[in-house]
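First comes the structure, then the notes that go with it.
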Amino acid sequence: MPSIQESKLAFIGGGNMASAIIGGLLANSVPKTNITVSEPWEVNRNKLAATGVNTTTDNVVAGGSADLIIIAVKPQVTKAVCEELAKSWADRQSLPVVVSIAAGITLSSLQEWSTTPNGARPHVVRVMPNTPALVAEGASGAIASADVSVEEKALVNELLGSVSKATEWVDKEELLDVVTGLSGSGPAYFFAMVEHLVASATALGLSQEQATRLATQTCLGAGKMLVTSDDEPGQLRKNVTSPNGTTFAALQTFEKEGFKEIVDKAVKAATDRAAELGNTLAK
């Protein structure tokens, strides 16, 4: 199996997530000439062309001979894209590895739609990235079809490693819905928390600008501590909570108002919705 630097890569769709991954690949010395992007929108296509990668509006031109294909289109058009590509693979000796970041589309659907006219099926990986990939600080969950080899997983790890600091492989597809509820949707939870912190501090007299700077830097600093510390999150919380101090008073309020239950319900709601979308889109 060739390395990521030696592989021919095709992106079907050139939106924000695809652009982020491409930027990460180029930063990691993947040759521009090895990357082709099929993107119908001229504005997106021109932005990608400016980076030096190959661009086209033809999915078959992009993916017909690629080693690794990244499906980065809207879930609703994934079936049509996969079926179009599969027809172009009829005469290939070996099929590409297909990596899908289309939310909710199952492995079985991807393999069914990507079956060639002579009955061959590509090896498939589903990935749930998140938006911090846009700043090379992503977290991704992944699951592979049973036929994906160790070498192919390593190739996907190289791909995701260009924008994700954490990539977790799960062994049950339903757990990718949990990843969606946790890290896929998770950035919005932190944004909402900071949004409300700023509003609270502003109501108590700080200016909007001061509150925003303090809240956003606090979020960044706390996140860095979580990533770099050997302590568990619970221990970090205890480390900054003096008995009967200010932090203690705030955390007691969280507990009284059912903070844990709110988080549980939010993550479960996102997880359930991911499963629901997957079931709907598979039909």
Side-chain angles (χ1 to χ4, degrees), residues 15-21 23-24 70 72 74-75 99-106 125-144 156-157 159-200 212 214-238 240 250-251 254-255 257-279 281:
N16 286 338
M17 192 59 67
S19 296
I21 296 172
I70 299 89
K74 293 184 182 300
V99 176
S100 171
I101 61 174
I105 305 298
T106 63
V125 175
R126 276 186 67 191
V127 174
M128 172 49 63
N130 66 2
T131 53
L134 298 173
V135 292
E137 292 287 349
S140 299
I143 186 166
V156 175
N157 275 332
L159 175 78
L160 298 177
S162 64
V163 291
S164 288
K165 294 295 178 64
T167 297
E168 300 294 332
W169 291 83
V170 296
D171 56 6
K172 296 179 181 178
E173 193 158 12
E174 59 266 28
L175 292 178
L176 206 61
D177 295 329
V178 181
V179 171
T180 303
L182 174 62
S183 56
S185 299
Y189 312 158
F190 291 98
F191 299 152
M193 182 68 174
V194 171
E195 178 185 8
H196 294 310
L197 286 172
V198 170
S200 296
T212 299
L214 289 169
T216 54
Q217 181 58 41
T218 298
C219 184
L220 175 63
K224 190 167 184 178
M225 289 179 70
L226 283 165
V227 170
T228 60
S229 175
D230 291 331
D231 289 335
E232 296 291 327
Q235 185 60 49
L236 289 173
R237 171 182 55 76
K238 292 175 184 177
V240 298
L251 293 176
F254 280 150
E255 185 175 342
E257 297 299 324
F259 184 67
K260 178 183 180 300
E261 289 73 20
I262 290 171
V263 173
D264 287 345
K265 289 178 181 178
V267 174
K268 188 174 188 306
T271 300
D272 290 347
R273 180 58 177 156
E276 181 183 352
L277 287 171
N279 290 334
L281 292 168

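Worth knowing before you read on, the calculation uses all heavy atoms, side chains too, and leaves out hydrogens, waters and symmetry mates.
Taken to the nearest 0.5 Å, the NZ atom of Lys224 stands 9.5 Å off from the CD atom of Gln217. Here the straight-line distance linking atom CG of Leu134 with atom CD1 of Ile21 works out to 9.5 Å at 0.5 Å rounding. Taken from CG in Asp231 to CE in Met225, the straight-line distance is 8.5 Å, to the nearest 0.5 Å. Atom CZ of residue Phe254 and atom CD1 of residue Ile262 lie 9.5 Å apart, to the nearest 0.5 angstrom. Interatomic distance, CG of Leu176 versus CG of Leu182, reported as 11.5 Å (0.5 Å rounding). Rounding to the nearest 0.5 angstrom, the gap separating the CE atom in Met193 from the OG1 atom in Thr218 is 10.5 Å.
When every heavy atom of Ala144 is checked against every heavy atom of Trp169, the shortest pair comes out as CB-CZ3, 3.8 Å. The two residues Pro75 and Ile105 make their nearest non-hydrogen contact at O-CD1, 3.8 Å. Nearest approach of Lys165 to Ala136, heavy atoms of both residues: CE-O, 3.5 Å. Scanning both residues, Ala133 and Ala20, for their nearest heavy atoms gives O-CB, 3.7 Å. Annotation for Gly181 and Ala270: closest pair CA-CB, 3.6 Å, computed over non-hydrogen atoms. Of all non-hydrogen atoms in Tyr189 and Ala266, the two that sit nearest each other are OH-O, 4.2 Å.
Listed for the Asn130 side chain is a donor-acceptor partner under 3.5 Å among the backbone atoms of Ala139.
Counting heavy atoms of neighbouring residues, nucleotides and ligands inside a 6.0 Å radius, atom CG of Asp264 exceeds 12 of them. Within 6.0 Å of atom CD in Glu255, 12 or fewer heavy atoms from other residues, nucleotides or ligands are found, so the atom counts as exposed in its surroundings. Other residues, nucleotides and ligands contribute at most 12 non-hydrogen atoms within 6.0 Å of the CD atom of Glu232.
Exactly one residue among Thr167, Val179, Asn157 makes a side chain to side chain contact (heavy atoms under 4.5 Å, CB included) with Ser140. That residue is Thr167.
Residue pairs meeting the side chain to side chain donor-acceptor pair (under 3.5 Å) criterion with at least one partner in residues 170-187, sequence neighbours excluded, are Arg126-Glu173.
Using a 4.5 Å heavy-atom threshold, the side chains of Pro129 and Val163 count as separate.
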field: Audit row: Val194, Phe190, side chain to side chain contact (heavy atoms under 4.5 Å, CB included) steps and yes/no
entry: CA-CA 6 Å; Val194 171; Phe190 291 98; 5.6 Å; no

Audit row: Leu226, Leu236, side chain to side chain contact (heavy atoms under 4.5 Å, CB included) steps and yes/no: CA-CA 8 Å; Leu226 283 165; Leu236 289 173; 3.7 Å; yes

